[in-house]
Amino acid sequence: EGQPTPADFARKLARIGHNAEPHKRLAKYIATIGTGPGRSRPLTMDEAQDALAIILGGEADPLQIGALLSTMHYRGVTAAEVAGFTTAARRHIGAYQPSDRHADIDWPSYLSPKLRTPPWFLHAVRLVAAAGHRVLLHGHHGQGPEAGKLELAARLSGISVCTSIGAAREALAKTSMAYLPIGAVSGQIQRLLGLYPLLEMRLPTNIVVHLLNPLGARASLLGVARPSQRGLHRDAAQLLSSNDIAILGNTRDFAEFTPFRATTIHRLVDGMPQDIDIPSQKALSSPPAIGFSSREYWQAIWTGAARDPAVEAVITSTAAAALFIAPGSRYASFEAARNHA
């Protein structure tokens, strides 16, 4: 009794217009999503775009950043909010449009520092590039002592590690493979990803980076482990008019196929949802890697100095997923793409 009604509260927020100071607009967005039952709602795509643009422009108070992102995470981020954030992030980094045709496949690779398995998917990238497709990797390998391992593995794979979007475009023109660390294009986005140790939860920005597509590739290959978020990624991609994406549910934050489990590839084909079920292969055993360090064994698989049917199945199946969705793909089925890989 005596409290402002939801209508009163809505009128108060409406008085903060689009010409208000950035920190005032951001406060409005925080209040819009976080004031409580009957008074809050999700942000529209335009509101989300403005909110992240304020943050990436360095015009937000740090307290506002934590409040906005953690509240969105608690409520459950919507596809419109992800699409708005992604639009702001793409403008912030100067991303190209698909019509520019600088890349064929966008391959986000945001590895957890807790990951202990070798990056077999990099060998798959090499196969896809050898088949004539230009592949852009972008991502990072977390903070602390594990940082830099993805850059090292990329160099060992012959994949150019680039310090700008322009350099990545030139590398693709020469070698068909490039890796673009997120910190090279935006220190702000990397710092937002670095909030995880402070909050111990994955924020909406962890979703946004998968949809960045810096060079405007015509197809994207994503890894999303959480079932509830696969549809979210695809719905956001639809709002962004991303016509061709494929989401693998086997791994988190990078696309690597697990052939010994049944897998559904969640796709957008010409902007329309399509699910493709891939049955599991017969399980294969890996021989003991005697005399090799982890890095040496990873390299030996590529050169043929070591043979491991299980790992080779992972590599060829991962390459097949990319070949299957590549622009102008000539494969009638996933199995045909896998045989070629």
Side-chain angles (χ1 to χ4, degrees), residues 42-49 52 72-73 75-90 95-99 103-110 121 124 128 135-139 189 193 202-258 261-278 317-318 320-327 329 331 333-334 337:
L43 298 180
T44 67
M45 187 170 168
D46 287 342
E47 289 171 337
Q49 179 181 335
L52 191 63
M72 290 177 76
H73 174 76
R75 286 182 63 258
V77 67
T78 67
E81 289 170 335
V82 172
F85 269 21
T86 303
T87 300
R90 285 180 175 177
Y96 288 95
Q97 298 299 317
S99 57
D104 298 317
I105 299 172
D106 187 68
W107 200 318
S109 306
Y110 292 82
F121 70 95
V128 175
V135 181
L136 177 70
L137 296 149
H138 56 93
I189 294 177
L193 296 178
R202 294 164 56 79
L203 300 172
T205 42
N206 290 87
I207 300 173
V208 168
V209 289
H210 292 269
L211 300 171
L212 274 179
N213 195 1
L215 286 184
R218 289 176 284 169
S220 298
L221 184 63
L222 283 59
V224 182
R226 190 176 298 176
S228 62
Q229 288 195 348
R230 294 170 199 155
L232 177 65
H233 282 75
R234 186 161 64 179
D235 291 345
Q238 271 189 304
L239 291 173
L240 293 164
S241 300
S242 298
N243 290 330
D244 294 283
I245 69 166
I247 300 169
L248 303 182
N250 310 83
T251 50
R252 189 177 81 175
D253 295 334
F254 66 100
E256 186 174 276
F257 208 91
T258 306
R261 289 201 310 237
T263 300
T264 299
I265 302 178
H266 305 270
R267 296 192 63 187
L268 280 179
V269 181
D270 294 328
M272 299 301 295
Q274 181 184 105
D275 291 343
I276 300 173
D277 296 321
I278 309 299
S317 295
T318 303
L323 292 171
F324 189 50
I325 69 162
S329 174
Y331 305 104
S333 66
F334 178 85

Legend entry - Where Phe257 and Ala321 come nearest, the two heavy atoms and their spacing: CD1-CB, 4.5 Å
Inset, instruction - Looking only at non-hydrogen atoms, find the nearest pair between Asp244 and Val269 and report the distance. - result: OD1-CA, 3.7 Å
Legend entry - Gln238 side chain to Gly271 backbone, donor-acceptor under 3.5 Å: yes
Inset, instruction - Please examine the side chains of Pro214 and Leu136, heavy atoms only from C-beta on, and report whether any two atoms are closer than 4.5 Å. - result: yes
Legend entry - Polar side-chain atom of Glu81 near backbone of Leu43 as donor-acceptor pair, under 3.5 Å: yes
Legend entry - Salt-bridge present (Asp253, Arg202; N to O < 4.0 Å): yes
Legend entry - Main-chain N/O of Leu203 paired with Asn206 side-chain donor or acceptor, under 3.5 Å: yes
Inset, instruction - Would you check if the side chain of Arg230 reaches a backbone N or O of Gly249 as a donor-acceptor pair within less than 3.5 Å? - result: yes
Inset, instruction - List the steps and the verdict of side chain to side chain contact (heavy atoms under 4.5 Å, CB included) for Ile207 and His233. - result: CA-CA 7 Å; Ile207 300 173; His233 282 75; 3.4 Å; yes
Inset, instruction - Would you confirm whether Arg90, through its side chain, and Leu211, through its main-chain N or O, come within 3.5 Å as a donor-acceptor pair? - result: yes
Legend entry - Note, Asp235 side chain near Leu239 side chain (heavy atom, < 4.5 Å): no
Inset, instruction - For Thr87 and Ala83, indicate whether the former's side chain and the latter's backbone hold a donor-acceptor pair under 3.5 Å. - result: yes
Legend entry - Where Ala48 and Ala80 come nearest, the two heavy atoms and their spacing: CB-O, 4.4 Å
Legend entry - Check: Asp275 main-chain N/O paired with Arg267 side-chain donor or acceptor under 3.5 Å: no
Legend entry - Least distance between heavy atoms, Trp107 atom then Ala322 atom: CZ3-CB, 3.9 Å
Inset, instruction - Write down the atom of Ser329, the atom of Phe324, and the distance for their closest heavy-atom approach. - result: OG-O, 3.3 Å
Legend entry - Pairwise distance CG(Leu240) to CG(Asn213) - rounded to 0.5 angstrom: 10.0 Å
Inset, instruction - Quick one: closest heavy-atom pair of Asp106 and Pro108, and the distance? - result: O-CD, 3.6 Å
Taking distance alone, no hydrogens or angles, what donor-acceptor pairs closer than 3.5 Å link side-chain atoms of residues 215-228 to residues at least two apart or in another chain?
residue	atom	partner	partner atom	Å
Arg218	NH2	Asp104	OD1	2.8

Inset, instruction - Check whether any side-chain heavy atom of Ile265 lies under 4.5 Å from a side-chain heavy atom of Ile247, and answer yes or no. - result: no
Legend entry - Leu268 and Arg234, any side-chain heavy atoms less than 4.5 Å apart: yes
